[in-house]
Asker: 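The structure is given below, and queries will be raised subsequently.
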Number of protein chains: 2
Amino acid sequence: MKRTSLAGDSCPVARALDVFGDWWSLLIIRDASLGRRRFGEFQASLGLAKNILASRLRTLVEHRILKTVPASDGSAYQEYVLTPKGHGIFPILVALRQWSEEFDEHPEEIATILVDREKGKPVKKLALYSQDGRLLNEADITLKPRKARRVPA
Amino acid sequence: MKRTSLAGDSCPVARALDVFGDWWSLLIIRDASLGRRRFGEFQASLGLAKNILASRLRTLVEHRILKTVPASDGSAYQEYVLTPKGHGIFPILVALRQWSEEFDEHPEEIATILVDREKGKPVKKLALYSQDGRLLNEADITLKPRKARRVPA
DNA sequence: GCAATCAGGTTTAATAATGCAACCACGCGG
DNA sequence: CCGCGTGGTTGCATTATTAAACCTGATTGC
């Protein structure tokens, strides 16, 4: 069967999904962004098989989304923490959360809401703006080739 | 071995991933948001097996992210178009794209950039704001229980 | 100081999800 | 009535995911 790799795709959405588009990676990253760092913490929180967790952590480290650090409590073990590249996934988690908050069929089952720490009030929805500050929706944008193609002589 | 379902999870991120967190759904939604509507268009664009595509389209319709409409060119076939719930996924696609644009190891392989239709200039990065307009980053937010828990007498 | 326990995995064997290709049904053109 | 394009479904081989058993090195109990 071989799951088709998207790594060579030219679409940035596909390239991102190739890195963490599987069933567990984003949840591991979510846990990491909530401060979990130890193998056992992830395993207890997510309830996934340990071999899968080991495999996912390995590929996330390879992709430099996580890095291992020597320990924090003096024990001989290692911990997994987000790199800057990993922290960059934060908006994606927020977007996923906001979509569920808005469209989930059973919103009463959602346990938590995202609030700003200072005031304790819900955050605004993520929104897309043009460089000159206009609010953009799906119809207001378009795709452009990244660079003018060099025409062969 | 049954793939563990996340549908009953109380985390909205997990709930979203349960709906479209597989290998293909987000790419189908991306294509739909680019205007593709026919089975054959998706299949040609994504290069996935037809049975998988049929299965994904079915579950996306069940979840009301896509809906089938009778035809647009008069033929007897049906087309798949995004519902409002489906259009709500747009910010997630943008977030994925922007992450790749910022962190991909081979950005030269990315073919397109997102620009606003009116001016043709790249869009701003998605950003998270508090209700009173402060720019928030990962450290400025926290999770709060959705409702005050009713304490049993 | 020796057994028991725990963190952090690897190995094994079963089951479920892919992928590919072949097949089917329908409408249409000739 | 024969073939072709669209839109699927069905079988079967291959791969991924899973739970559970096992392993290793460090820490704790006594």
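The figures here come from the full heavy-atom set of this structure, side chains too, leaving out hydrogens, waters and symmetry mates.
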Asker: When you group the ILVMFWY residues by side-chain heavy-atom contacts below 4.5 Å and let the links chain together, are A/Ile89 and A/Val61 in the same group?
Answerer: yes
Asker: Whole Å only: how far is the CG atom of B/Leu57 from the P atom of D/dG7?
Answerer: 11 Å
Asker: Measure from CG on A/Leu53 to P on D/dA20 and round the result to the nearest Å.
Answerer: 17 Å
Asker: Please identify each residue that fulfils salt bridge (charged side-chain N to carboxylate O under 4.0 Å, His left out) with A/Arg37, with sequence neighbours left out.
Answerer: A/Glu79
Asker: Out of A/Lys124, A/Lys119, A/Lys121, which residue meets the salt bridge (Lys or Arg N to Asp or Glu O under 4.0 Å) rule with B/Asp132?
Answerer: A/Lys119
Asker: Nearest-Å distance, CZ (B/Arg58) to P (C/dT18)?
Answerer: 13 Å
Asker: Closer than 4.0 Å, any side-chain N/O of A/Tyr80 to the OP1 or OP2 of C/dA7?
Answerer: no
Asker: Just how far, in rounded Å, is P of C/dT15 from CD1 of A/Ile52?
Answerer: 17 Å
Asker: On the nucleotide C/dG8, are OP1 or OP2 found under 4.0 Å from the side-chain N or O atoms that A/Arg38 carries?
Answerer: yes
Asker: Please tell me which of A/Asp22 and A/Ala76 maps to the more 5' nucleotide of DNA chain D, matching each residue to the nucleotide holding its nearest heavy atom.
Answerer: A/Asp22
Asker: What's the CZ-P distance between B/Phe39 and C/dC26, to the nearest Å?
Answerer: 17 Å
Asker: Going by number, which of residues 40-51 of chain A have a non-hydrogen atom under 4.0 Å from DNA chain D?
Answerer: A/Ala49, A/Asn51
Asker: Ignoring backbone atoms, establish whether B/Arg56 has a side-chain N or O less than 4.0 Å from OP1 or OP2 of D/dG8.
Answerer: no
Asker: A/Glu105 and side chain to side chain donor-acceptor pair (under 3.5 Å): which partner among B/Arg64, B/Lys85, B/His63?
Answerer: B/Lys85
Asker: Would A/Phe90 end up clustered with A/Val13 when hydrophobic side chains under 4.5 Å apart are linked, directly or stepwise?
Answerer: no
Asker: OP1 or OP2 of C/dA17 less than 4.0 angstrom from a side-chain nitrogen or oxygen of B/Trp24, does that happen here?
Answerer: no
Asker: Check this for me: does the side-chain of B/Tyr77 come within 3.5 Å of the base of D/dG5 through a donor and an acceptor?
Answerer: yes
Asker: Could you check whether any side-chain N or O of B/Ser100 sits under 3.5 Å from a backbone N or O of B/Arg97, counting only pairs where one atom can act as donor and the other as acceptor?
Answerer: no
Asker: Counting C-beta onward and ignoring hydrogens, is there a side-chain heavy-atom pair between B/Leu27 and B/Trp24 closer than 4.5 Å?
Answerer: yes
Asker: Can you check whether B/Gln78 has a side-chain N or O nearer than 4.0 Å to OP1 or OP2 of D/dG8?
Answerer: yes
